[in-house]
Protein chains: 2
Amino acid sequence: MRKFDDSLPLRLLKAREAAMGFFRPLLQEIPLTEQQWRVIRALNEFEELESKQLAELCCILSPSLTGIINRLEQLGYIKRRKSTEDQRRTLISLTDKAKKMFASMSPRLEARYQEMTERFSHEDMKALEELLIKFCDVKP
Amino acid sequence: MRKFDDSLPLRLLKAREAAMGFFRPLLQEIPLTEQQWRVIRALNEFEELESKQLAELCCILSPSLTGIINRLEQLGYIKRRKSTEDQRRTLISLTDKAKKMFASMSPRLEARYQEMTERFSHEDMKALEELLIKFCDVKP
DNA sequence: AGACATTCCTTAACACATTAATAAAATAGC
DNA sequence: GCTATTTTATTAATGTGTTAAGGAATGTCT
């Protein structure tokens, strides 16, 4: 039987922990959680998104996202508005405060990302990314 | 700037979700959470472990582990005892009930693991595992 | 021996993950 | 046009992740 340490889910978890070790300290300065930053990062790229799209993009389940959105709104980082043609949908976007914060933080985080890539190896990073993308298509 | 979807932490998260898609349905039958199974799996291999070792192995922080241990004890799956030479340490092991449950579940989970590996590709799986192991050594 | 720091585990407080259930809006079918 | 179903977002309940702080046992130092 496969040994404990050989399980892929555990390896993915540990790798993720290793990666977050590069970014967590910076996010704590703001302070923002990892999930909050993921939401802000997505909104920075797509301008305005429905709650459902945001959940899909960020890989966060709707009930969790509800709470994250509430807290980010409380902090003044995002705005919500109701879709006019479908009253069920909530459209979410960044405030100016969030855009400024993002602009000042993202270069530092990007630098960390570069550092991480270099300490690993550019080639291995590329190979790892491709394998991960391919693996995500594997479904039961 | 790097696009949202290109972030390694997010890719690792999604890959982990894809992997867990194979195992979650089986664990829910028992029912056990993913973390509870990880703890049981570790204890099955190492017989008896200190809380700290268990946390390290399972990649679970001590405060989380305290709760997991309490619930597993409630469910009758694990036993705790105090170390005689160091009263601070708690030693944890599986009950017979847990060992039986593990024996009946692990073949089914192992079969799923095989299925996952085959749908991906044995070679890619091996390559992915090696890259993940290497990546875990990369530290800020 | 007695103050001191260290180590292990736990509790506390908050944020998020997961599943099930619910309320409201929109759609499908008749 | 009206019910039945589906879709979207939320709440509820429980379990875990994360950081900080706490208490008890051990180790250190003089």
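Here is the naming used below: chain letters follow the sequence lines, and residue numbers restart at 1 for every chain.
Between B:Glu29 and B:Arg108 there is a salt bridge, since a side-chain N of the basic residue sits under 4.0 Å from a carboxylate O of the acidic one. Between A:Lys3 and A:Asp6, none of the side-chain N atoms (NZ, or NE/NH1/NH2) sits under 4.0 Å from a carboxylate O, so this pair counts as no salt bridge. A salt bridge links B:Glu73 to B:Arg80: at least one charged side-chain nitrogen sits closer than 4.0 Å to a carboxylate oxygen.
Using a 4.0 Å heavy-atom cutoff across all strands shown, B:Ile60 reaches sugar-phosphate atoms only and no base atom. Nucleic acid contact for B:Thr90: sugar-phosphate only, since backbone atoms but no base atoms lie under 4.0 Å from a heavy atom of the residue. Among the atoms of the strands shown, only primed sugar atoms or phosphate atoms (P, OP1, OP2) are found under 4.0 Å from some heavy atom of A:Glu17. Base engagement by A:Ser64 is indicated by at least one non-hydrogen atom pair under 4.0 Å involving a base atom. B:Glu85 comes within 4.0 angstrom of sugar-phosphate atoms only, judged by non-hydrogen atoms across all strands, and of no base. Using a 4.0 Å heavy-atom criterion, one finds that B:Thr33 contacts the sugar-phosphate atoms exclusively.
Atom CG in A:Leu65 sits about 15 Å away from atom C1' in D:dT11, given to the nearest Å. B:Lys82 places its NZ atom 13 Å from the C1' atom of D:dT26, with the value rounded to the nearest Å. D:dA9 atom P lies 8 Å from atom CG of A:Asp86, rounded to whole Å. Taking atom CG of B:Leu75 as the reference point, atom C1' of D:dG15 lies 12 Å away to the nearest angstrom. If you measure from atom CG of B:Leu91 to atom P of C:dC8, you get 13 Å, rounded to the nearest angstrom. We find that CD1 of B:Ile68 is positioned 15 Å from C1' of C:dC9, with the value rounded to whole Å. In this structure, NZ of B:Lys14 is placed 14 Å from P of C:dA17, rounded to the nearest angstrom. Rounded to an integer number of Å, the gap from A:Arg38 CZ to C:dA17 P is 7 Å.
One donor-acceptor pair, N or O on each side, does fall under 3.5 Å between the base of C:dT7 and the side chain of B:Arg88.
Tested against B:Leu72 for a side chain to side chain contact (heavy atoms under 4.5 Å, CB included), the candidates B:Ile92, B:Leu94, B:Val39 yield a single pass: B:Val39.
Checking the phosphate oxygens (OP1, OP2) of C:dA26, no side-chain nitrogen or oxygen of A:Arg89 falls inside 4.0 Å. Between A:Thr66 and D:dT10 there is a side-chain N or O to OP1 or OP2 distance below 4.0 Å. OP1 or OP2 of D:dT16 has at least one side-chain nitrogen or oxygen of B:Gln36 nearer than 4.0 Å. Listed pair B:Arg80 / C:dT10 meets the phosphate criterion, a side-chain N or O lying under 4.0 Å from OP1 or OP2. OP1 or OP2 of C:dT19 has at least one side-chain nitrogen or oxygen of B:Gln28 nearer than 4.0 Å. Between B:Gln35 and the phosphate of D:dG17, there is a side-chain N or O to OP1/OP2 separation shorter than 4.0 Å. For the pair B:Arg24 and C:dT18, the criterion of a side-chain N or O lying under 4.0 Å from OP1 or OP2 is met.
Annotation for B:Lys52: atom NZ does not count as buried by contact number, only 12 or fewer foreign heavy atoms lying within 6.0 Å.
Taking for each of B:Glu50 and A:Arg71 the nucleotide of DNA chain C with the nearest heavy atom, the 5'-most of the two is the partner of B:Glu50.
The two residues A:Tyr77 and A:Leu32 come nearest to each other via the heavy atoms CE1-CD2, 3.9 Å.
Across C:dA17, C:dA12, C:dC9, the shortest atom-to-atom separation from the side chain of B:Pro63 is found for C:dA12. Considering only the side chain of B:Ser62, C:dT10 comes nearest among C:dT10, D:dT19, C:dA15.
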